[in-house]
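Note sheet for the following structure.
Just so you know, these numbers come straight off a predicted model, no measurement behind them. Just so you know, these numbers use all the heavy atoms, side chains as well, and skip hydrogens, waters and symmetry mates.
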Amino acid sequence: MPPRFVPLSDVAETLSISASQAYALVRSGELRAIKVGGRGQWRVEVTELESYIQRSYEATASILEEERQREQLKAGGES
């Protein structure tokens, strides 16, 4: 059975970012996580990580669409 929760180091590896960037995602609320154990180590549920990735794809698609629309308006104004 695959693990339900992963440490931030695994999140960082999955997203190809640094551990501090993964922690920043948690601190900002972009990526939900829980603190566990006496030392308060962060864990991210695998489904939350997948949800974050999906939201990132959607946000990127929206940004790209806005850029395309701006380019089309700009090209239309140059005619």
Set of residues satisfying side-chain hydrogen bond (donor to acceptor under 3.5 Å, both in side chains) with respect to Glu30, sequence neighbours excluded: Ser28
Leu15: hydrophobic cluster co-members (side-chain, 4.5 Å): Val6, Leu8, Val11, Ile17, Tyr23, Leu25, Val26, Leu31, Trp42, Val44, Val46, Leu49, Tyr52, Ile53, Tyr57
Under the salt bridge (Lys or Arg N to Asp or Glu O under 4.0 Å) test, residues paired with Glu45 that sit two or more places apart: Arg4
Partners meeting side-chain hydrogen bond (donor to acceptor under 3.5 Å, both in side chains) with Arg39 (sequence neighbours left out): none
Exceeds 12 heavy-atom contacts within 6.0 angstrom, atom CD of Glu13: no
Any residue meeting side-chain hydrogen bond (donor to acceptor under 3.5 Å, both in side chains) with Ser18, in chain and number order, not counting sequence neighbours: Ser20, Gln21
Show me the side-chain donor-acceptor pairs of residues 58-66 shorter than 3.5 Å, one per line, residues at least two apart or across chains.
unit_1	atom_1	unit_2	atom_2	d
Glu58	OE2	Gln54	NE2	3.4
Thr60	OG1	Ser56	O	2.8
Glu65	OE1	Arg68	NE	3.4
Glu65	OE1	Arg68	NH2	3.4
Glu65	OE2	Gln69	NE2	3.2

Arg43 versus Pro7, closest heavy-atom pair with distance: NH1-CB, 3.5 Å
side-chain hydrogen bond (donor to acceptor under 3.5 Å, both in side chains) against Arg55, all qualifying residues, sequence neighbours excluded: Ser51
Transitive ILVMFWY cluster of Ile34, excluding itself - 4.5 Å side-chain cut-off: Phe5, Val36
